[in-house]
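The structure under discussion appears below in the form of structure tokens.
When a residue number appears, it is its place in the shown sequence, counting from 1.
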Amino acid sequence: QVQLVESGGGLVQAGGSLRPSCAASGRTFSYAMGWFRQAPGKEREFVAAISRSSGSTYQADSVKGRFTISRDNAKNTVYLQMNSLKPEDTAVYYCVAARQGYGSSWQYESPVWYDYWGQGTQVTVSS
């Protein structure tokens, strides 16, 4: 069983940066990992994903050029570097893991493709 624990969210002004992290229990080096987010009153939205060997990453258009996903398999940890934050980035950010190590773009974007979810960390961007 894999457990995912997010940390590193918080309150930041527009234009600022945050780097949430996700610590996984169990050996997740063979899993694809990713992040989703959900703002109040909105549906859960794909943010970014990374393949098991970090060979490929994929981001939503809304964050491309601002957010970067990375992983450290030795530490079983995934990071989401968020720069140039905007108020519309305000949401609860969820870490996800999929037993399949690689996926297509539509798989990465699909919540049901992932096998494990964390509890989420709040990110609030003030204007």
Side-chain angles (χ1 to χ4, degrees):
Q1 187 73 8
V2 171
Q3 289 186 324
L4 305 174
V5 179
E6 303 94 337
S7 62
L11 173 64
V12 66
Q13 287 188 330
S17 298
L18 282 174
R19 194 179 80 147
S21 61
C22 170
S25 66
R27 301 176 70 184
T28 55
F29 61 87
S30 63
Y31 289 35
M33 306 289 291
W35 293 88
F36 278 73
R37 68 185 181 185
Q38 188 166 21
K42 295 188 177 181
E43 292 188 356
R44 200 163 289 191
E45 174 189 23
F46 168 77
V47 176
I50 186 167
S51 65
R52 64 182 181 185
S53 63
S54 301
S56 65
T57 61
Y58 180 66
Q59 296 85 29
D61 288 343
S62 59
V63 306
K64 201 167 292 183
R66 300 188 299 121
F67 291 11
T68 303
I69 187 171
S70 62
R71 67 190 296 167
D72 184 339
N73 284 338
K75 295 182 179 179
N76 284 336
T77 301
V78 177
Y79 305 95
L80 185 67
Q81 179 66 48
M82 306 190 297
N83 298 328
S84 302
L85 282 161
K86 304 175 182 180
E88 51 263 43
D89 294 318
T90 295
V92 177
Y93 283 71
Y94 297 91
C95 178
V96 293
R99 293 190 191 93
Q100 261 185 266
Y102 298 95
S104 63
S105 58
W106 69 266
Q107 286 175 314
Y108 284 143
E109 293 178 4
S110 174
V112 298
W113 187 68
Y114 296 91
D115 301 291
Y116 302 100
W117 289 72
Q119 293 300 307
T121 184
Q122 176 71 46
V123 171
T124 303
V125 184
S126 63
S127 57

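With a 4.5 Å cut-off between side-chain heavy atoms of Ile, Leu, Val, Met, Phe, Trp and Tyr, the cluster of Val47 takes in Val2, Leu4, Val12, Leu18, Tyr31, Met33, Trp35, Ile50, Val63, Phe67, Ile69, Val78, Leu80, Met82, Leu85, Tyr93, Tyr116, Val123, Val125. The hydrophobic cluster containing Trp113, built from Ile/Leu/Val/Met/Phe/Trp/Tyr side-chain heavy atoms closer than 4.5 Å, also comprises Phe36, Phe46, Tyr58, Val92, Tyr94, Val96, Tyr108, Tyr114, Trp117.
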Open item on the list: One pair to check against side-chain contact (heavy atoms from CB on, under 4.5 Å): Arg52 and Tyr102. What are the steps and the verdict?
Closed with: CA-CA 7 Å; Arg52 64 182 181 185; Tyr102 298 95; 3.2 Å; yes
Open item on the list: Please evaluate residues Thr124 and Thr90 with respect to the criterion side-chain hydrogen bond (donor to acceptor under 3.5 Å, both in side chains), reporting the C-alpha separation (whole Å), side-chain torsions for both, the decisive distance (0.1 Å), and the verdict.
Closed with: CA-CA 5 Å; Thr124 303; Thr90 295; 5.2 Å; no
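Proximity of a side-chain donor or acceptor of Asn73 to a complementary backbone N or O of Ser53 within less than 3.5 Å is not detected.
The two residues Pro20 and Thr121 make their nearest non-hydrogen contact at CB-CG2, 4.3 Å. Nearest heavy-atom pair across Pro111 and Glu109 is CD-O, 3.4 Å. The two atoms that bring Ala32 and Gly101 nearest to each other are CB-O, 3.5 Å, heavy atoms only.
The salt bridge (charged side-chain N to carboxylate O under 4.0 Å, His left out) test applied to Glu45 returns Arg37, not counting sequence neighbours. Looking at residues two or more places apart in sequence or on another chain, you find no salt bridge (charged side-chain N to carboxylate O under 4.0 Å, His left out) involving Arg71.
Residues Arg66 and Ser84 are in side-chain contact: their nearest non-hydrogen atoms beyond the backbone lie under 4.5 Å apart.
Between the OG atom in Ser7 and the CZ atom in Arg19 there is a gap of 10.0 Å [rounded to 0.5 Å]. Once rounded to the nearest 0.5 Å, the distance linking CD of Gln100 with OG of Ser51 reads 12.5 Å.
Salt bridge status for Lys86 with Asp89: absent, with no side-chain N to carboxylate O gap under 4.0 Å.
More than 12 heavy atoms of other residues, nucleotides or ligands shown are found within 6.0 angstrom of CD on Gln38. Heavy atoms from other residues, nucleotides or ligands lying under 6.0 Å from CD of Gln122 number more than 12. Around the NZ atom of Lys64, the shell of radius 6.0 Å holds more than 12 heavy atoms that belong to other residues, nucleotides or ligands.
Applying the disulfide (SG to SG under 2.5 Å) test to pairs two or more places apart or on separate chains, those with a residue in residues 59-101 are Cys22-Cys95. Residue pairs satisfying the disulfide (SG to SG under 2.5 Å) criterion with at least one member in residues 97-127, sequence neighbours excluded, are absent.
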